[in-house]
J.: 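Would you mind keeping the following structure in view while I ask a few things?
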Protein chains: 2
Amino acid sequence: MARTDDRFRLAYQDLLTVIAKAEIGSDLPPELTLAEQLNISRTTVRAVLTAFADIGLIAWEGRKKTILRAPSGQDKLAMRDEYLPRDELERRFLQWVLRFDVPAGTPLNVAKLAKEFSVPPHVLQEFLSGLSQFGLVARRPRGGWLLLGFTAEYAIELSEFRAVLELNAVRVLVALPPGHPIWAQLTALEAQHIDLAARIDRDFHAFSPLDEAFHSAITSVVQNRFVKQFQKVITLIFHYHYQWDKRMERDRNAAAIGEHLAIIHALRSGDEAAAVQAAAAHLRTSKETLLASLRGNALIAPE
Amino acid sequence: MARTDDRFRLAYQDLLTVIAKAEIGSDLPPELTLAEQLNISRTTVRAVLTAFADIGLIAWEGRKKTILRAPSGQDKLAMRDEYLPRDELERRFLQWVLRFDVPAGTPLNVAKLAKEFSVPPHVLQEFLSGLSQFGLVARRPRGGWLLLGFTAEYAIELSEFRAVLELNAVRVLVALPPGHPIWAQLTALEAQHIDLAARIDRDFHAFSPLDEAFHSAITSVVQNRFVKQFQKVITLIFHYHYQWDKRMERDRNAAAIGEHLAIIHALRSGDEAAAVQAAAAHLRTSKETLLASLRGNALIAPE
DNA sequence: TTTTTTGTATAAAAAAATAAAAAACAATAG
DNA sequence: CTATTGTTTTTTATTTTTTTATACAAAAAA
């Protein structure tokens with residue numbers, strides 16, 4: 001089979017439940033109506049109707065599609081084993097790359113990896129092509145892929161780029177008028193930070209989502225598709241790493257809370273230089289943490 | 001044929017010239033040596049040798065590959081019509097999108113476009129997948145591609161992003177020590193600018209490459225793979241537009257030269273604020289020019 | 001006996017072929 | 001004349017096929 005008939009099978013099931021709800025002897029609506037209801041093309045509707053006529057579920061002649069009997073369990077059509085959805089592939093691949101010590105420079109085998117992640121090869125191919133934009137993998141001159149890997153150098157450059165984007169966001173933010181919704185957002189975040197700081201000994205795990213919320217609030221003031229796109233990778237990678245590096249987690253998070261509060265304070269003051277300085281300090285810490293986690297996970301050799 | 005045998009044909013030709021230079025009756029080197037010489041795998045070498053044995057050019061038995069006769073014109077193997085190289089596709093596609101009024105939201109037909117640009121469909125597919133990273137095209141939920149197009153909004157966001165990156169570069173640059181090679185580079189560029197300014201009435205076309213050289217010199221001080229990657233698109237798009245918009249070209253370029261010189265001057269002074277200000281002014285002009293060229297080309301409706 | 005070279009098998013990537021689904025068009029019933 | 005169906009054409013997604021690369025074992029030469 002060249003192309004999966006998942007759409008057909010899905011439509012088959014859907015229409016079966018529609019018929020089950022309808023009365024025996026009644027007529028089905030026109031093909032176009034069914035197509036719109038099931039969100040498929042008329043071609044597929046007709047294929048399903050033909051199948052139903054074949055098993056004697058309906059009588060179909062011209063524009064009369066009469067239900068002959070209630071569908072039984074035998075009429076069901078099993079879905080063929082599905083592949084992984086795309087975001088699950090993303091998650092699993094990143095986990096594989098970042099988590100395990102896949103050394104930089106490893107050649108990737110599309111066919112084998114596709115099997116491993118149970119996706120069709122061309123899906124993996126496209127995924128890799130997307131990743132190559134972020135410099136995590138590269139196409140080899142004569143076919144094949146190379147895992148460039150998440151090296152210390154990569155982490156440094158990523159952190160620096162993050163700093164460029166985020167400091168820009170800070171500069172934009174301080175200049176925003178008091179009526180802008182971001183200020184209310186920051187006040188709410190401040191309260192959450194203070195709240196968490198009070199119970200940090202127990203709930204230091206709760207910091208990770210708060211960190212994400214804080215940074216995405218700040219960067220949200222820059223409405224730029226290019227910035228947003230990169231923000232996605234940055235969040236992804238930082239987020240993944242924080243999840244795994246459990247050393248000193250409590251102290252690290254406590255310190256970060258303090259830095260976040262300092263940034264909020266500086267932003268409120270309207271002093272651009274102060275705000276930039278506070279943000280830069282935090283980003284430096286963040287970079288160090290990322291690098292330390294790399295060394296800790298032995299992805300790179302300890303010095 | 002599933003895969004092109006270009007490699008085989010190329011190796012065939014290469015080995016033919018090797019044989020033509022060698023003496024009749026002499027033996028060819030081992031397969032591995034030939035493979036290394038021709039930069040192909042042994043499999044392909046063997047395929048070519050088999051072909052040569054078939055046409056009676058060599059006698060091949062075991063490790064003896066004796067040249068029987070000099071190759072004649074008939075022995076040549078024509079290359080099959082080649083597809084476009086990848087960068088030519090890039091050029092042509094961008095030209096098509098940016099130049100002609102392909103409206104935003106046009107669904108793209110991979111098969112048809114592939115024919116039009118004379119590339120295999122999967123090459124175009126991959127190319128589109130790359131472009132989707134820059135937000136010029138997007139994958140439709142149920143298969144197919146959508147041209148998001150080079151709208152005014154896109155141009156604005158691109159310009160802003162460019163400004164973020166370039167102002168960051170300027171901040172890095174002013175802090176560099178006097179011994180850094182960038183200063184010599186800037187001095188050379190300054191001379192070229194002054195030279196061009198003197199003969200701008202005639203040679204205003206020469207500005208485009210100089211502009212590119214100037215901006216890439218400034219951004220080169222930031223050694224960051226993410227920045228570099230975006231620089232590529234930015235250069236591409238700005239460059240394309242400048243090429244076509246011929247209105248006011250002389251005046252525009254003369255003004256830009258002045259702005260460039262002002263930036264160099266401010267950079268030399270070591271005053272960060274002044275340098276940023278000069279660069280920001282130039283980037284604003286640049287953005288306006290890009291937007292004006294969009295309106296001029298009627299890609300978007302004039303206000 | 002060791003090294004070099006070849007023969008064979010296996011694997012992988014790219015392009016063509018092909019089936020499914022969508023869209024367009026024409027015909028027909030109401 | 002409009003709404004719906006029948007039919008054909010396009011288009012996309014996946015599999016199959018073919019070419020190429022690599023790995024391993026066997027044989028020849030040093």
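Everything numeric in this text was worked out from a predicted model, so none of it was measured. Every chain is numbered from 1 and lettered A, B, ... according to where its sequence line falls, protein lines coming before strand lines. When reading the values below, keep in mind they use all heavy atoms of this one structure, side chains included, and skip hydrogens, waters and symmetry mates.
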J.: Anything under 3.5 Å between a protein N or O and an N or O of nucleotides 28-30 of chain D, put it in a table, one pair a line.
T.:
none

J.: Identify whether any heavy atom of B/K64 sits under 4.0 Å from a base atom; if not, whether one sits that close to sugar-phosphate; answer base, sugar-phosphate or nothing.
T.: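 Since no nucleic acid heavy atom lies under 4.0 Å of B/K64, the category is nothing.
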J.: To the nearest Å, give me how far apart CG (B/D6) and P (C/dA14) are.
T.: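 From B/D6 CG to C/dA14 P: 13 Å.
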J.: Pick the nucleotide of DNA chain C nearest each of B/V123 and B/E31; which residue has the one closer to the 5' end?
T.: B/E31
J.: Go nucleotide by nucleotide along DNA chain D from the 5' end; which of A/L32 and B/F8 gets its closest nucleotide reached first?
T.: A/L32
J.: Could you check B/L136 against B/Y154 for side chain to side chain contact (heavy atoms under 4.5 Å, CB included), going step by step and ending with a plain yes or no?
T.: CA-CA 8 Å; B/L136 271 174; B/Y154 186 94; 3.6 Å; yes
J.: Keeping to residues at least two apart or across chains, list the ring pair (Phe, Tyr, Trp, His ring centres under 6.0 Å) pairs with something in residues 13-34 of chain B.
T.: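 Sorted result for residues 13-34 of chain B: empty, none.
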J.: Counting only distance, no hydrogens or angles, is the base of C/dA13 paired donor-acceptor with the side chain of B/R3 under 3.5 Å?
T.: yes
J.: Mind jotting down which residue pairs meet the salt bridge (charged side-chain N to carboxylate O under 4.0 Å, His left out) criterion with at least one end in residues 103-129 of chain A? Sequence neighbours excluded, please.
T.: A/E126-B/R139
J.: Which residue pairs pass the salt bridge (charged side-chain N to carboxylate O under 4.0 Å, His left out) test with at least one member in residues 38-48 of chain A, sequence neighbours excluded?
T.: A/E31-A/R42, A/E31-A/R46
J.: Between the side chains of B/S41 and B/T44, is a donor N or O closer than 3.5 angstrom to an acceptor N or O?
T.: yes
J.: Please report the distance, rounded to the nearest Å, between OH in B/Y12 and P in D/dT20.
T.: 14 Å
J.: Quick one: CG on B/D54 to CG on B/L57, what's the gap to the nearest 0.5 Å?
T.: 11.0 Å
J.: Exactly one of A/T43, A/L49, A/V48 should register a side-chain contact (heavy atoms from CB on, under 4.5 Å) with A/V45. Which one does?
T.: A/L49
J.: Using whole Å, what does the distance between atom P of nucleotide C/dA15 and atom CZ of B/R7 come to?
T.: 12 Å
J.: Could you check whether A/D14 pairs with A/R9 (Lys NZ or Arg NE/NH1/NH2 to Asp/Glu carboxylate O, under 4.0 Å)?
T.: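 Not counted as a salt bridge, because no side-chain N and carboxylate O are separated by less than 4.0 Å.
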J.: Between C/dA15 atom P and B/L124 atom CG, what is the distance in whole Å?
T.: 13 Å
J.: Within the 4.0 Å heavy-atom criterion, would you say B/L108 contacts the bases, only the backbone, or no part of the nucleic acid?
T.: sugar-phosphate
J.: Less than 4.0 angstrom between a side-chain N/O of A/Q125 and OP1 or OP2 of C/dA14, yes or no?
T.: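 Looking at the OP1 and OP2 atoms of C/dA14, one of them is under 4.0 Å from a side-chain N or O of A/Q125.
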J.: Could you identify which residues of residues 109-116 of chain A place a heavy atom less than 4.0 Å from some atom of DNA chain C, listed by residue number, or say none?
T.: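 Output list: A/N109, A/V110, A/A111, A/K112.
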J.: Give a yes/no answer on whether the side chain of A/H122 brings an N or O atom under 4.0 Å of OP1 or OP2 in D/dT14.
T.: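 So the side chain of A/H122 is within the cut-off, an N or O lying under 4.0 Å from OP1 or OP2 of D/dT14.
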J.: Classify the ring geometry of B/F226 against A/F161: parallel below 30°, tilted from 30° to 60°, perpendicular beyond 60°.
T.: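 The rings of B/F226 and A/F161 sit tilted, inter-plane angle from 30° to 60°.
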J.: Which distance, rounded to the nearest 0.5 Å, do you find between the CG of B/L113 and the CG of B/L128?
T.: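 Here the interatomic distance stands at 7.5 Å.
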J.: B/I40 has an atom CD1; how far is it from atom P of D/dT19, in whole Å?
T.: 15 Å
J.: Has A/E212 got more than 12 heavy atoms of other residues, nucleotides or ligands less than 6.0 Å from its CD?
T.: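 Buried by this count: over 12 neighbours within 6.0 Å.
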J.: Rounded to whole angstrom units, what separation is found between the CG atom of B/D27 and the P atom of C/dT4?
T.: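 Whole-Å distance recorded here is 20 Å.
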J.: Pull out every residue in residues 41-60 of chain B that has a heavy atom closer than 4.0 Å to any atom of DNA chain D, ordered by number, or say none.
T.: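 Result for residues 41-60 of chain B: B/S41, B/R42, B/T43, B/T44, sorted by number.
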J.: How many whole angstroms separate atom CD of B/E61 from atom C1' of C/dG7?
T.: 14 Å
J.: Starting from the 5' end of DNA chain D, give me the residue, B/R140 or B/N39, whose nearest nucleotide shows up first.
T.: B/R140
J.: Relative to the ring of B/F117, is the ring of B/W96 parallel (under 30°), tilted (30 to 60°) or perpendicular (over 60°)?
T.: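 B/W96 vs B/F117 ring planes: perpendicular.
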J.: To the nearest angstrom, how far is A/D5 atom CG from D/dT15 atom C1'?
T.: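 Atom-to-atom, A/D5 to D/dT15, this comes out as 14 Å.
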